[in-house]
Amino acid sequence: MRILCLDIPAPDVTLERYAPHLTAEALHAWELYKSGFIRDIYFRQDRPGVAIFLECDTVDEANRVMAKFPLAMAGLLTFECIPLGSFISWENLFSTEFKNQEKE
């Protein structure tokens, strides 16, 4: 199952409080990436933080693994883990209703 994990910074945490944990954080992410658990990881563009795509069996498994990140263990952030499924609505593009709209 593909799961999107978005970080949630603890209230009033500054980037300076993250600094001592960033090397361990990156190493932990690298180990999870090499294992295939992390499929993709991106820096957010709307604020400091990350968006991580995981491949795992359940949301509970994702929550357990994400809780082991050094920043999470230090109480500086948590993660929202969102299960994703395949987009199967392509069929709607080929419905009679769509075909009639296309001709207009």
Side-chain angles (χ1 to χ4, degrees):
M1 172 186 299
R2 183 70 47 111
I3 298 180
L4 170 62
C5 297
L6 301 173
D7 65 323
I8 303 169
D12 301 320
V13 172
T14 63
L15 293 176
E16 291 76 27
R17 291 201 39 214
Y18 282 31
H21 307 282
L22 293 181
T23 300
E25 188 84 352
L27 289 170
H28 186 74
W30 174 239
E31 291 301 320
L32 291 173
Y33 185 83
K34 289 191 307 184
S35 75
F37 190 80
I38 290 179
R39 293 296 186 166
D40 290 300
I41 186 168
Y42 300 93
F43 282 117
R44 294 181 62 149
Q45 299 300 298
D46 58 334
R47 65 165 175 81
V50 294
I52 300 174
F53 285 93
L54 307 179
E55 192 68 40
C56 59
D57 293 330
T58 66
V59 172
D60 286 339
E61 178 186 11
N63 282 317
R64 282 192 304 276
V65 172
M66 298 309 286
K68 294 180 182 172
F69 269 88
L71 289 172
M73 292 179 67
L76 299 174
L77 58 76
T78 58
F79 289 93
E80 177 183 12
C81 297
I82 305 164
L84 304 173
S86 298
F87 183 77
I88 57 173
S89 295
W90 296 108
E91 295 168 349
N92 294 336
L93 296 175
F94 309 109
S95 69
T96 304
E97 186 177 298
F98 174 78
K99 288 178 185 177
N100 290 336
Q101 288 177 0
E102 189 178 57
K103 292 177 186 177
E104 295 173 5

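None of these values were measured; they are calculated from a predicted model.
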Which pairs would a plain distance check flag for residues 24-34, meaning a side-chain donor or acceptor within less than 3.5 Å of a matching protein atom at least two apart in sequence or in another chain?
residue : atom : partner : partner atom : Å
Glu25   : OE1  : Leu71   : N            : 2.8
Glu31   : OE2  : Lys34   : NZ           : 3.2

### Query
With a cut-off of 6.0 Å (strictly less than), are more than 12 heavy atoms of other residues, nucleotides or ligands near CE of Met73?
no

### Task
State whether the number of non-hydrogen atoms from other residues, nucleotides or ligands found under 6.0 Å of Asp12 atom CG is greater than 12.
no

Quick check for you: to the nearest 0.5 Å, what is the distance between [X] atom [atom1] and [Y] atom [atom2]?
X     : Y     : atom1 : atom2 : value
Glu55 : Asp40 : CD    : CG    : 10.5 Å
Leu54 : Cys81 : CG    : SG    : 6.5 Å
Leu77 : Leu6  : CG    : CG    : 11.5 Å
Met66 : Asp7  : CE    : CG    : 8.5 Å
Arg39 : Ile52 : CZ    : CD1   : 14.5 Å

Would you say [X] and [Y] are hydrophobically clustered, going by side-chain heavy atoms of ILVMFWY under 4.5 Å?
X     : Y     : value
Val59 : Phe79 : yes
Ile38 : Phe43 : yes
Val13 : Val50 : yes

### Query
Can you say whether the rings of Tyr42 and Phe53 are parallel (under 30°), tilted (30 to 60°) or perpendicular (over 60°)?
perpendicular

Flag side-chain contact, heavy atom, 4.5 Å: [X] against [Y]:
X     : Y     : answer
Arg17 : Leu76 : yes
Cys56 : Ile3  : yes
Ile82 : Arg2  : no
Tyr18 : Pro9  : yes

### Partner set under side-chain contact (heavy atoms from CB on, under 4.5 Å) for Arg64, not counting sequence neighbours
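Testing Arg64 for side-chain contact (heavy atoms from CB on, under 4.5 Å), a comparison that skips the adjacent residues, returns Asp60, Glu61.
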
### Task
Could you walk me through whether Phe37 and Val65 pass the side chain to side chain contact (heavy atoms under 4.5 Å, CB included) test, one step at a time?
CA-CA 9 Å; Phe37 190 80; Val65 172; 3.3 Å; yes

